[in-house]
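I have placed the structure first, in the form of structure tokens, so that the comments after it can refer back to it.
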2 protein chains.
Amino acid sequence: MGNVTIRILARHLQLSAATVSKALADSHEISGPTKKRVLEMAAALNYTPNPYASSLRRKKSRTIAVILPEVADSFFSQAINGIEAIAQDKGYHVLVCLTHERTLKEQAILHEMLGGRADGILISVTSETTDPASILELQEKGVPVVFFDRVCEGIDTARIVTDDAQSAYKATDHLIRQGCKQIAFLAISEGLSISHQRIEGYKQALTAHGIRFNGSDIIPCTHDAEENLRSLKKIMRQQHRPDGIIASVEKLAVQVYQACREENIRIPEDIKVIGFSNLVTAAYLNPALTTITQPAFEMGRAAASLLFKALGNKSFSLSQNIQVIPSELQVRDSTH
Amino acid sequence: MGNVTIRILARHLQLSAATVSKALADSHEISGPTKKRVLEMAAALNYTPNPYASSLRRKKSRTIAVILPEVADSFFSQAINGIEAIAQDKGYHVLVCLTHERTLKEQAILHEMLGGRADGILISVTSETTDPASILELQEKGVPVVFFDRVCEGIDTARIVTDDAQSAYKATDHLIRQGCKQIAFLAISEGLSISHQRIEGYKQALTAHGIRFNGSDIIPCTHDAEENLRSLKKIMRQQHRPDGIIASVEKLAVQVYQACREENIRIPEDIKVIGFSNLVTAAYLNPALTTITQPAFEMGRAAASLLFKALGNKSFSLSQNIQVIPSELQVRDSTH
DNA sequence: TATTGTTACGAAAACGGTTAAGTAAATAAA
DNA sequence: TTTATTTACTTAACCGTTTTCGTAACAATA
């Protein structure tokens, strides 16, 4: 297993380790012929640098961490793809850390990052997150942090978000124009900025159409599918069942379909449904689901790009850098 | 930024760095009271160990790498969730490396891994991969490698797969029993073991029912959705259009729906469709898609578990360790 | 000729945590 | 009492790469 190190390479070449290191880094201090010799020998001995030795010495890891609640969701999957594409292009690695929607886990991960494991952080916070302390701490250490999608208030750094309020407005407006009188809004954690924004947009659209906002139309949902299904079915059986539903996250839309099927409620005749979703199958659902489609891949790319700007240029400030990438309303059969 | 290192901690405690290191590792060489003092001071100074220094010295990174073609796919997303769950439990980090289905990229990533970036590798190879050399090289260096789903022949190591041949057999058998006479099989890269297995199962089912296998019923597909759509539509317009279709990977199923819609072909009346898929929305598609559902999360978990067994026990051999987790045929409307 | 610059390389000290080997002091065994 | 053992530490040498500071050798300039 005797790994070939830079010193062994150097010995083979009758050079010093320093020279080899510089040659591999294409330093101007090293002559052309020597560089060539080094490269050739490195290839011949199949030399692979130890990334940890390098990270230790240079105090950079060429790694970014992506911290997010879950990955079994079209939005985050697509976002990871966007992030990884950029990172790979820059020669960086991507550490994926899942919080499973638990703020404690999130804090533990963030604390670990203080050790310098990653040069920068992309984060979409859990729905429980309210305390910005761990993130602030990282910032103070000089680790750039970029939020994407789910941001945490109280921290002044870059954010890549979509136009949550307007999207919810558009969704609500669309339902009203399609004749809905009572629109339920399926919400997740109200502490979350995106949740708050979306609810705001929903309220504004109601107001704009002269419909009085009814607090009980905001349906708080959880991460437990069974539980959500139960409450949805209960709502479907109600006397005054809503005639429109906005699912503020993807999986809630699927749960609505399930609840409607089990309660024999027809979409869109009995109830119109619109979902925030990136499902590639939205158009082929029964009925085809009207969606607010988020630019997941682009958001991932944008977040990573911004992070790399900060990494490449220490004087580049992420502060106040808010990028809003608009979502798109795609009208389909579920709101006809 | 003056990071707090173990030596600074030691100075504050009037101890040596070695003592502190051992105390933090809960070594028996250190007395109870001293351990307590160390822990307290570490917390007070907010000490976070530098993972790279540790990795360099100990020659282990507490990191595993997951190398896969793409992540925007239900199967891989769910698998990552399974893998991450186990890794987190073991105190390991997960590096996600995407090959974008390019074997060259895959080789570059694998070569990098020789440097010791990860203690173990989970890999699902690209559809182009045929050369096992890079993987063998890693094995020779003592890096345990576990295949999941897409394996590469010529390497003797653990594999977590699903019962591809039987699943394809079941799918084909099901279509035949539903009355299909001409069943097209949408295949990706025939070099891939799963592809090969699935085709074998398909052929066997045909034979079992006394149907002659027709080579032109194997439709080679690519990673280019547009291109696939074009060939699918062409097939749909054919004189002797197939009356059954097996989509051997998830996204092909969606493309079939699209092609059928655009060519006004009814599922299941004109053509019955079955797909290898983990779509949570399969049951809500129009029509509900009959699927071979792969145990993605479980496969991820199993692969990671096996890898950690190898990491925890140097004498544990991954060789010959093949675990087959069965897929499930879920009959829905698309094959009625 | 003396001085300054340039080129191409080497020696050695980092980076921060771990660990083998060593050592005083206290305790146990002979 | 002497010797062996245990306890609780410390010293110093790693791990492999990078980087600062030298320094010969040679060229260019004054």
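Note that these values count all heavy atoms, side chains included, but never hydrogens, waters or copies made by symmetry. Numbered from 1 within each chain, the chains take letters A, B, ... in sequence-line order. Small disclaimer: the values here were computed from a predicted structure and weren't measured.
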query = Taking atom types as modelled, is there a side-chain donor on Glu112(A) or His93(B) under 3.5 Å from an acceptor on the other?
reply = yes
Rounded interatomic separation in angstrom, taking CG from Leu114(A) and P from dG17(C) = 13 Å
message = With a 4.0 Å cutoff (strictly under), does any side-chain N or O of Thr5(B) reach OP1 or OP2 of dG16(C)?
response = no
inquiry  = My understanding is that only residues two or more places apart in sequence, or in another chain, count here; which of them pass side-chain hydrogen bond (donor to acceptor under 3.5 Å, both in side chains) with Asp156(A)?
reply    = Ser319(A)
inquiry  = Does Thr34(A) reach a base, just sugar-phosphate, or nothing at all? Heavy atoms under 4.0 Å.
reply    = sugar-phosphate
note = Distance col, row Ile64(B):CD1 vs Met113(B):CE, nearest 0.5 angstrom, shows 11.0 Å
message = Quick check on DNA chain C: between Pro51(B) and Ser31(A), whose nearest nucleotide comes earlier from the 5' end?
response = Ser31(A)
query = Please give, in whole Å, the distance from dA8(C) C1' to Arg37(A) CZ?
reply = 13 Å
task = For Leu56(A) and dA13(C), give me the distance from atom CG to atom C1', rounded to whole Å.
result = 13 Å
inquiry  = From C-beta outward on Arg57(A), which listed nucleotide comes closest to its side chain: dG16(C), dG10(C), dA13(C)?
reply    = dA13(C)
ask   = When the distance from CG of Leu13(A) to P of dC9(C) is rounded to whole Å, what number comes out?
value = 11 Å
inquiry  = Classify Ser54(A) by what it touches in the nucleic acid, base, sugar-phosphate, or nothing, heavy-atom distance under 4.0 Å.
reply    = sugar-phosphate
task = Record whether the side chain of Arg58(B) comes under 3.5 Å of the base of dT19(C) through a donor-acceptor pair of N or O atoms.
result = no
request  = Have a look at the helix from dT1(C)-dA30(D) to dA30(C)-dT1(D) and give the angle its two end axes make, five pairs each, rounded to 10 degrees.
outcome  = 50°
query = Would you call Lys105(B)-Glu128(B) a salt bridge at under 4.0 Å N-O?
reply = no
ask   = When rounded to the nearest 0.5 angstrom, what distance separates CZ in Phe147(B) from CD1 in Ile135(B)?
value = 4.0 Å
query = Within the pair Tyr47(A) and dT17(D), is there a side-chain N or O less than 4.0 Å away from OP1 or OP2?
reply = yes
message = Please report the distance, rounded to the nearest Å, between CZ in Arg7(A) and P in dA12(C).
response = 12 Å
ask   = Rounding to a whole Å, what distance do you find between Tyr52(A):OH and dT18(C):P?
value = 15 Å
Candidate nucleotides dG17(C), dT11(D), dG16(C), ranked by approach to the side chain of Ser16(B) - the nearest = dT11(D)
ask   = Can you tell me how far the CG atom of Leu122(B) sits from the CG atom of Leu68(B), to the nearest 0.5 Å?
value = 9.0 Å
inquiry  = Near DNA chain D, counting only heavy atoms under 4.0 Å, which residues of residues 20-30 of chain B show up?
reply    = Lys22(B), Glu29(B)
request  = Could you tell me the separation between the CD atom of Gln14(A) and the C1' atom of dA8(C), rounded to a whole number of Å?
outcome  = 17 Å
note = Winner on side-chain proximity to Leu15(B), out of dT10(D), dG10(C), dG16(C), is dT10(D)
request  = Output the distance between atom CG (Asn50(A)) and atom OG1 (Thr5(A)), rounded to the nearest 0.5 Å.
outcome  = 9.5 Å
request  = Look up atom CG in Leu318(A) and atom CG in Leu306(A), then write down how far apart they are to the nearest 0.5 Å.
outcome  = 5.5 Å
ask   = Given atom CZ of Arg11(A) and atom C1' of dG10(C), what is their separation to the nearest angstrom?
value = 15 Å
query = Does a donor on one side chain sit under 3.5 Å from an acceptor on the other, for Thr126(A) and Thr129(A)?
reply = yes
task = Measure the spacing between OG of Ser189(A) and CD of Glu101(A) and express it to the nearest 0.5 Å.
result = 8.5 Å
inquiry  = Tell me whether the side-chain N/O atoms of Lys59(B) come closer than 4.0 Å to OP1 or OP2 in dG16(D).
reply    = yes
query = With nearest nucleotides of DNA chain D determined for Ile6(A) and Gly32(B) from heavy-atom distances, which residue corresponds to the more 5′ nucleotide?
reply = Gly32(B)
